[in-house]
K.L.:
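Provided herewith is a single structure, encoded as structure tokens, for subsequent inquiry.
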There are 2 protein chains.
Amino acid sequence: MTTTPTAGNRAPTGRRTSTRTPTADSPPRAGAPAGIDVPALGRLLDGRWWQLRRASRDLALAEDMQKIEGLPTPEHRERTMHQTRLLVERGQPNRGFPAAVGGGADPGGNLAGFEELVVADPSLQIKAGVQWGLFGSAVANLGTEEQHARLLPGIMDLTVPGCFAMTEIGHGSDVAALGTTATYHPQTEEFVIDTPVTAARKEYIGNAGQHGIAAVVFAQLISHGVNHGVHAFYVPIRERAEDGTLRFVPGVDGEDDGHKGGLNGVDNGRLWFDHVRIPRTNLLARYGEVAPDGTYSSPIASPGRRFFTTLSTLVQGRVSLSGACVVATKMALAIAIRYGTERRQFTTADEHTEQVLLDYGQHQRRLLPLLARSYAATFAHAELLERFHGVFSGEHDTDEDRQDLETLAAAAKPINSWLALEALQECREACGGAGYLAENRLTGLHADMDVYATFEGDNNVLLQLVGKRLLTDYGKEMAQVDIAGAVRWVADRAADMTLHRTPLRRTAQSIRDSGSRARSAGHLREADTQRELLEDRVEAMVEEIALALRPARKAPPTEAAALFNAHQHQLIEAARAHGELLQWEAFTAALPSVRDSVTREVLTTLRDLFGLTLIEKNLAWYLSEGRLSAQRAKTVTSYVDRLLGRLRPHARDLVDAFGYTPEHLRVPIASGAEEQRQTEARDYLRRRRAAGQEPISEKALRNG
Amino acid sequence: MTTTPTAGNRAPTGRRTSTRTPTADSPPRAGAPAGIDVPALGRLLDGRWWQLRRASRDLALAEDMQKIEGLPTPEHRERTMHQTRLLVERGQPNRGFPAAVGGGADPGGNLAGFEELVVADPSLQIKAGVQWGLFGSAVANLGTEEQHARLLPGIMDLTVPGCFAMTEIGHGSDVAALGTTATYHPQTEEFVIDTPVTAARKEYIGNAGQHGIAAVVFAQLISHGVNHGVHAFYVPIRERAEDGTLRFVPGVDGEDDGHKGGLNGVDNGRLWFDHVRIPRTNLLARYGEVAPDGTYSSPIASPGRRFFTTLSTLVQGRVSLSGACVVATKMALAIAIRYGTERRQFTTADEHTEQVLLDYGQHQRRLLPLLARSYAATFAHAELLERFHGVFSGEHDTDEDRQDLETLAAAAKPINSWLALEALQECREACGGAGYLAENRLTGLHADMDVYATFEGDNNVLLQLVGKRLLTDYGKEMAQVDIAGAVRWVADRAADMTLHRTPLRRTAQSIRDSGSRARSAGHLREADTQRELLEDRVEAMVEEIALALRPARKAPPTEAAALFNAHQHQLIEAARAHGELLQWEAFTAALPSVRDSVTREVLTTLRDLFGLTLIEKNLAWYLSEGRLSAQRAKTVTSYVDRLLGRLRPHARDLVDAFGYTPEHLRVPIASGAEEQRQTEARDYLRRRRAAGQEPISEKALRNG
């Protein structure tokens with residue numbers, strides 16, 4: 001490492017309340033609300049592994065770790081490879097590996113640090129993720145102890161840059177249908193890896209374009225004419241030629257994916273195999289082994305369960321990408337909200353003072369609900385990371401724990417990756433032309449984070465998985481009810497349906513609300529009301545889909561498929577609602593741990609904004625299902641407006657608590673430069689007016 | 001031009017119905033719906049200037065006109081400059097200029113062609129737009145005939161690449177507050193152009209980074225101590241040095257904006273002026289002149305009206321950007337829908353046949369409403385272009401025509417630029433990993449089109465302008481009512497409010513609807529119902545805001561500003577609803593001109609999808625305002641689902657009608673390659689099964 005970070009592990013600026021000069025923001029007013037405890041809040045947000053998180057964030061303070069926007073792809077790739085080597089020098093990647101091979105056996109801490117690499121360059125996060133999170137983790141999770149000892153050291157110290165070769169041109173989401181084959185030959189005790197058709201070529205593989213010399217290749221394991229399903233194989237792919245350049249080993253070939261929408265520091269590419277022979281011992285054999293004679297054995301009897309256990313190692317990627325998206329979201333908001341509290345445009349009440357952007361109603365509407373979502377996502381991600389640590393450290397590693405973790409990650413990754421893209425786009429537009437300059441990083445981050453929505457599990461496919469789990473759970477719940485209970489349940493439900501279908505409940509609510517918007521708004525602020533509304537929607541949606549799908553059980557396949565397809569959109573929406581509810585729960589659960597009363601109050605207001613904007617977004621559902629009266633529905637929006645006004649004075653502190661200083665962000669519009677320019681302009685105009693040098697306006701002349 | 005387009009002016013493929021092989025899509029079924037008339041529809045979509053539009057689109061068939069994704073910025077800039085020169089060779093830019101200087105005096109046809117340059121490279125569109133649409137148009141629209149003769153030839157033939165130097169670091173949206181000054185000195189009969197403070201530096205100026213040698217500079221015109229407001233001045237900025245390189249003339253300085261989020265073929269930069277002297281005759285003098293002695297005169301007495309007349313020349317930019325966004329939207333959908341009808345993933349009913357993406361309910365939900373919006377935007381843009389042509393050709397050029405044109409353009413640009421970004425993002429995600437490869441162009445187009453949301457008028461600022469116009473019109477309407485009428489109006493309104501506040505109307509509707517979803521859905525399909533619902537919302541929103549803002553008229557400035565600010569978001573939403581209504585009207589108005597009955601029926605279904613998804617998006621409003629009953633609201637979504645199913649078989653034809661062939665799109669995933677790969681894979685598997693070489697699956701062995 002050629003330069004040294006200077007701010008290692010320090011807390012965000014140690015002030016209790018804002019020390020900004022009044023010109024930076026709305027001038028302080030009499031009765032201005034008390035400030036929040038920024039350092040304590042920052043500590044809370046950074047969570048259990050806050051030191052590792054901050055140390056990793058601070059890596060971005062070193063110039064050679066920083067992304068250079070607009071760097072041509074070849075240079076960007078070399079720079080990222082160099083940065084990845086610097087990570088090895090710092091020992092960072094070892095943290096997640098088993099103690100037996102010198103690792104830190106700290107899976108949660110490892111991911112917390114890994115996520116923050118986005119601050120330096122998302123390409124670095126993904127390059128490191130390919131090497132250690134995918135390639136290395138596959139060996140660690142799917143390999144035996146012998147394989148760990150043999151293969152992991154070179155992976156950990158980057159002497160063996162490698163690939164995670166799962167996806168094919170023809171099959172991305174449908175991994176079970178991969179076309180690559182690994183056929184066992186007992187005569188030579190070798191597997192023959194083969195790509196039978198173009199559609200079976202490995203595609204979008206990180207490190208395959210240029211740097212990878214080995215790959216974990218996912219292929220159909222065939223022995224004695226039986227296909228045992230998808231397994232992982234360790235396959236050398238490149239060797240160093242006499243002239244020092246890397247070239248494919250015989251039988252392996254590939255292509256560079258070339259320029260991408262972003263992440264151009266990562267060399268993605270295609271790989272294919274023409275009867276490539278590897279030793280029997282290169283099958284990563286934790287969940288399936290082939291004896292020298294070709295006899296297959298596995299500790300997991302069911303091929304289906306075995307497949308899903310193999311795939312479950314992918315969950316680490318989803319967890320960490322989800323966290324990386326939260327980091328990018330917070331960076332976007334830190335940039336746009338700082339700029340929004342400095343940038344002025346148009347005079348409103350006072351002809352000499354232009355109004356700060358964030359004082360405009362529309363600007364608050366654009367940015368503050370995103371700020372609330374970023375907090376909810378942060379707290380929910382902390383819970384997800386704890387659960388991941390529990391499973392992968394072995395502390396809480398039952399089948400049920402694993403399944404829950406997978407479902408939670410499958411809900412979090414889509415929600416947070418879409419949040420990041422939405423926040424980056426809205427923030428870029430909220431910064432106007434300045435937001436489009438690469439130096440202000442919002443466009444580059446958007447380009448880089450874009451693919452997070454479809455890799456490591458396509459967002460829609462993942463949400464569908466979550467939806468299916470919700471249906472399964474619903475089915476189990478129903479199955480546990482005895483016959484009498486079932487009858488009672490149907491009867492209850494019928495009553496409930498009636499209640500929701502007729503305007504009964506709505507009418508009652510209308511009467512209760514009438515003439516008292518304040519009381520009604522107060523009611524919406526109660527956590528129990530928000531929870532009830534959010535839960536109610538998820539449950540009712542799942543129930544509605546479950547009932548609609550009932551005939552599918554006894555229908556012919558085509559009809560059953562059509563019926564499911566007709567409800568696919570609804571199922572995905574239910575899964576999203578479920579994920580949002582989890583975020584609301586996590587935000588709410590975090591509130592009691594805030595000791596400072598002002599901070600707690602502001603965070604509660606932010607939680608309310610999160611809850612109410614969720615309800616507002618789905619207001620049509622609450623209205624048409626009779627959950628909210630028209631009267632109360634109208635109070636939702638007016639109450640959201642009130643919350644925006646209350647949060648406005650704290651907006652700057654709320655993003656400062658993220659701990660992304662101007663040195664981390666390194667963007668001109670969040671550096672204070674805008675304020676300096678404005679001060680210069682204001683002083684000039686003031687001097688000119690004082691000296692009587694201000695030209696008279698023609699308009700004033702005419703009116704006078 | 002080194003290569004020759006080969007498909008000039010030809011119509012889209014001349015088939016009546018799809019000639020695609022059955023494998024490309026769902027297999028044809030008995031009773032499959034009849035196809036639409038693709039060539040005739042293509043002709044309708046390309047509108048009045050269809051020949052010019054197609055000729056310009058076909059420019060992209062020449063290799064040297066095409067964007068190379070991932071090209072480093074310096075090379076991209078030179079390539080774009082070269083392409084701009086090729087446009088001169090073709091005579092394209094002259095079309096919009098006055099006949100007196102050899103122009104074609106065809107403003108509408110000029111823009112139609114200009115918009116299609118996006119197909120080649122959006123950087124080319126913007127580079128050409130800076131030169132001829134902004135720099136050249138400013139001279140044409142703000143200059144005198146003498147100035148036309150003196151300045152336009154060099155602009156038209158590109159011997160004088162130039163800048164439109166309006167925006168400053170400190171003021172973008174608020175043009176009236178620009179800080180650059182142009183002070184007249186009668187002694188030398190010169191204006192002195194000066195940048196008094198950093199905030200007054202010109203910023204984001206196209207051609208300023210590298211190629212521009214002159215600029216139209218917007219500055220406060222000051223003569224004899226009076227500021228006559230913002231005027232445009234023609235200022236030489238660079239000269240060729242002895243070594244052949246361009247350098248700033250004395251007094252002018254600047255900086256390159258460097259890498260941007262996109263459009264990197266355009267060299268944006270900053271410019272500033274240190275007491276730069278230009279001759280009096282370089283004030284573009286159509287709307288304001290300074291006599292040698294410094295006496296100012298103008299054909300427009302009111303400084304306010306003069307300012308807005310000057311700015312109204314900007315409308316051309318907004319109109320053409322709006323049209324360019326429609327082009328980008330159609331390209332995105334042509335790519336994603338073609339891929340969606342070829343790409344398969346997961347088997348559903350039949351274990352050997354994977355399902356085409358566009359047969360998934362969620363995929364239809366993601367893409368088909370965007371397709372409906374692209375059609376609505378196309379028809380609405382055709383109307384806008386007609387109106388633009390009317391004003392700028394002088395055929396219909398009253399003050400009212402100009403104001404209407406400005407309002408329409410201010411509504412269209414935001415709606416269409418956001419549509420393009422949404423479509424490009426959704427299409428990129430819908431194409432999965434392939435969508436992220438630069439070769440498939442979706443990410444590059446998103447990056448390029450991103451800035452369309454904030455340049456040439458920030459979208460939110462423009463919509464606010466539209467909102468204010470709606471309020472003004474509402475005020476005028478009210479003012480024209482006599483006293484008795486006013487009383488009656490208030491009384492009517494009170495009754496109306498009661499009707500909407502109480503569940504009266506809703507209840508009546510519930511009763512009418514009960515038990516008859518079909519009838520209710522049929523009702524929603526009626527154009528009159530859709531129009532009524534869409535109009536009603538705009539009118540009610542405007543009225544509500546107008547009433548809420550009433551106290552502002554008599555309030556002190558601070559309170560008035562606060563009151564307006566509290567309704568800013570609502571006003572912008574009303575403007576958006578107004579713009580969407582205009583698009584719905586344009587779509588509906590285009591239907592009778594479709595002669596082929598099947599095509600008309602499909603387009604009517606598409607229009608219904610557009611109308612109903614607008615209503616669905618705002619369902620909460622319709623419910624809480626009592627415009628729709630809960631019962632009927634539920635039919636909206638189920639009816640949308642039904643429309644998606646009906647449109648699915650026509651999706652491919654509907655994008656083919658856009659006229660973007662694989663040669664125009666030049667992306668691998670819309671080239672048929674995907675289908676070839678699948679055919680290869682299917683044939684391989686079929687052969688293997690037939691030869692008995694298919695391994696038995698372990699699962700089947702266990703189950704058997």
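Protein chains get the first letters and strands the later ones, always in sequence-line order, with residue 1 at the start of each.
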K.L.:
Side chain, backbone, both or neither: which part of B:His224 has a heavy atom under 4.5 Å from chain A?
P.N.:
neither

K.L.:
Under the side chain to side chain donor-acceptor pair (under 3.5 Å) rule, collect the residues that match up with B:Gln425, sequence neighbours excluded.
P.N.:
A:Asp450, B:Glu429

K.L.:
Counting only heavy atoms closer than 4.5 Å, note whether A:Arg441 contacts chain B via side chain, backbone, both or neither.
P.N.:
neither

K.L.:
Does a donor on one side chain sit under 3.5 Å from an acceptor on the other, for B:His171 and A:Glu354?
P.N.:
yes

K.L.:
Would you mind checking which part of B:Ile169 comes under 4.5 Å of any heavy atom in chain A, side chain (CB onward), backbone (N, CA, C, O), both or neither?
P.N.:
both

K.L.:
Determine, step by step, whether A:Thr443 and B:His446 satisfy the side-chain contact (heavy atoms from CB on, under 4.5 Å) criterion, reporting the C-alpha distance in whole Å, the side-chain angles of both residues, the deciding distance to 0.1 Å, and the verdict.
P.N.:
CA-CA 10 Å; A:Thr443 54; B:His446 188 283; over 6 Å; no

K.L.:
Hey, what do you get for CG (A:Leu628) to CG (B:Leu623), rounding to the nearest 0.5 Å?
P.N.:
11.0 Å

K.L.:
Between B:Thr167, B:Asn440, B:Val226, which has the largest tally of heavy atom pairs under 4.5 Å with chain A?
P.N.:
B:Val226

K.L.:
Report the distance from atom CZ of A:Arg306 to atom NZ of B:Lys699, rounding to the nearest 0.5 Å.
P.N.:
10.0 Å

K.L.:
Look at the side chain of B:Gln345 and the backbone N and O of A:Gly170, then say whether any donor-acceptor pair between them is shorter than 3.5 Å.
P.N.:
yes

K.L.:
Within the structure provided, determine whether B:Ile696 and A:Asn227 are in side-chain contact (heavy-atom separation under 4.5 Å).
P.N.:
no

K.L.:
Counting only N and O atoms by type, is there a donor-acceptor contact under 3.5 Å from the side chain of B:Asn565 to the main-chain atoms of A:Gly361?
P.N.:
yes

K.L.:
Roughly how far apart are B:Thr198 OG1 and A:Glu680 CD, rounded to 0.5 Å?
P.N.:
3.5 Å

K.L.:
What part of B:Glu559 gets within 4.5 angstrom of chain A, counting heavy atoms only: side chain, backbone, both, or neither?
P.N.:
neither

K.L.:
Has B:Tyr684 got a side-chain atom pairing as donor or acceptor with A:Pro196's backbone, closer than 3.5 angstrom?
P.N.:
no

K.L.:
For residues B:Ala630 and A:Ser624, report the shortest heavy-atom separation together with the two atoms involved.
P.N.:
CB-O, 3.4 Å

K.L.:
Using a cut-off of under 4.5 Å for heavy-atom pairs, which of A:Ser173, A:Ala177, A:Pro72, A:Ala681 has the most such pairs with chain B?
P.N.:
A:Ser173

K.L.:
Between A:Gln676 and chain B, with a heavy-atom cut-off of 4.5 Å, which part of the residue counts as in contact: side chain, backbone, both or neither?
P.N.:
neither

K.L.:
Look at A:Pro556, A:Cys431, A:Gly262 and state which one has the largest set of heavy-atom pairs under 4.5 Å with chain B.
P.N.:
A:Gly262

K.L.:
Measuring from A:Tyr360:OH to B:Ile572:CD1, what's the distance to the nearest 0.5 Å?
P.N.:
11.0 Å

K.L.:
At a 4.5 Å cut-off on heavy atoms, which part of A:Tyr622 comes close to chain B: side chain, backbone, both, or neither?
P.N.:
neither

K.L.:
Apply side-chain contact (heavy atoms from CB on, under 4.5 Å) to B:His259 and A:Glu439, showing your working.
P.N.:
CA-CA 7 Å; B:His259 197 69; A:Glu439 64 181 24; over 6 Å; no

K.L.:
Return the minimal non-hydrogen interatomic distance between B:Arg428 and A:Ala453, and the atom names on each side.
P.N.:
NH2-CB, 4.5 Å

K.L.:
Between the side chain of A:Tyr436 and the main-chain N/O of B:Lys260, is any donor-acceptor distance below 3.5 Å?
P.N.:
no

K.L.:
Please classify the contact of A:Ala199 with chain B as side chain, backbone, both or neither, using a heavy-atom distance under 4.5 Å.
P.N.:
both

K.L.:
Judged by atom type as modelled, is there a donor-acceptor pair below 3.5 Å linking the side chain of A:Gln362 to the main-chain atoms of B:Gln568?
P.N.:
no

K.L.:
So which residue, B:Asn618, B:Thr454, B:Leu685, ends up with the most heavy-atom pairs under 4.5 Å with chain A?
P.N.:
B:Thr454

K.L.:
Can you give me the closest heavy-atom contact between A:Leu619 and B:Ala620, atom names plus distance?
P.N.:
CB-CB, 3.6 Å

K.L.:
Please test A:Arg344 against B:Asp174 for side-chain contact (heavy atoms from CB on, under 4.5 Å), starting from the C-alpha separation and ending with a verdict.
P.N.:
CA-CA 10 Å; A:Arg344 292 167 184 276; B:Asp174 187 5; over 6 Å; no

K.L.:
What part of A:Leu263 lies closer than 4.5 angstrom to a heavy atom of chain B: side chain, backbone, both or neither?
P.N.:
both

K.L.:
Got a second to check how far A:Asp641's CG is from B:His569's NE2, nearest 0.5 Å?
P.N.:
7.0 Å

K.L.:
Got a second to check how far B:Gln464's CD is from A:Phe346's CZ, nearest 0.5 Å?
P.N.:
7.5 Å

K.L.:
What option among A:Glu69, A:Arg366, A:Gln693, A:His363 has the most heavy-atom pairs under 4.5 Å with chain B?
P.N.:
A:Arg366

K.L.:
Shorter than 4.5 Å, heavy atoms on both sides: which option in A:Pro695, A:Pro557, A:Gly444 has the most such pairs with chain B?
P.N.:
A:Pro695

K.L.:
At a heavy-atom separation under 4.5 Å, does B:Leu571 approach chain A through its side chain, its backbone, both, or neither?
P.N.:
neither

K.L.:
Identify the heavy atoms of B:Pro303 and A:Arg702 that sit nearest to each other, and give their distance.
P.N.:
CD-CD, 3.7 Å

K.L.:
Which bit of B:Ala176 comes within less than 4.5 Å of chain A, counting heavy atoms only: side chain, backbone, both or neither?
P.N.:
neither

K.L.:
Side chains of A:His228 and B:Glu698: donor-acceptor distance under 3.5 Å anywhere?
P.N.:
yes

K.L.:
So which part of A:Ala434 gets closer than 4.5 Å to some heavy atom of chain B, the side chain, the backbone, both or neither?
P.N.:
both

K.L.:
A:Val451, A:Thr73, A:Ile222: which one forms the most heavy-atom pairs within less than 4.5 Å of chain B?
P.N.:
A:Val451

K.L.:
Where do B:Ala561 and A:Thr348 come nearest, in terms of heavy atoms and distance?
P.N.:
CB-CB, 4.0 Å

K.L.:
Considering only heavy atoms, which portion of A:His567 lies under 4.5 Å from any heavy atom of chain B: side chain, backbone, both, or neither?
P.N.:
neither

K.L.:
Examine whether an atom of B:Gln355 lies under 4.5 Å from a heavy atom of chain A, and if so say whether it belongs to the side chain, the backbone or both; otherwise answer neither.
P.N.:
side chain

K.L.:
Counting heavy-atom pairs under 4.5 Å with chain B, which one of A:Ala633, A:Gly433, A:Ser697, A:Gly435 comes out on top?
P.N.:
A:Gly433

K.L.:
In terms of heavy-atom proximity below 4.5 Å to chain A, should B:Asp257 be classed as side chain, backbone, both, or neither?
P.N.:
both

K.L.:
Counting only non-hydrogen atoms closer than 4.5 Å, does A:Ala200 touch chain B with its backbone (N, CA, C, O), its side chain (CB onward), both, or neither?
P.N.:
neither

K.L.:
Can you say whether B:Phe564 sits under 4.5 Å from chain A via the side chain, the backbone, both, or neither, judging by heavy atoms?
P.N.:
neither

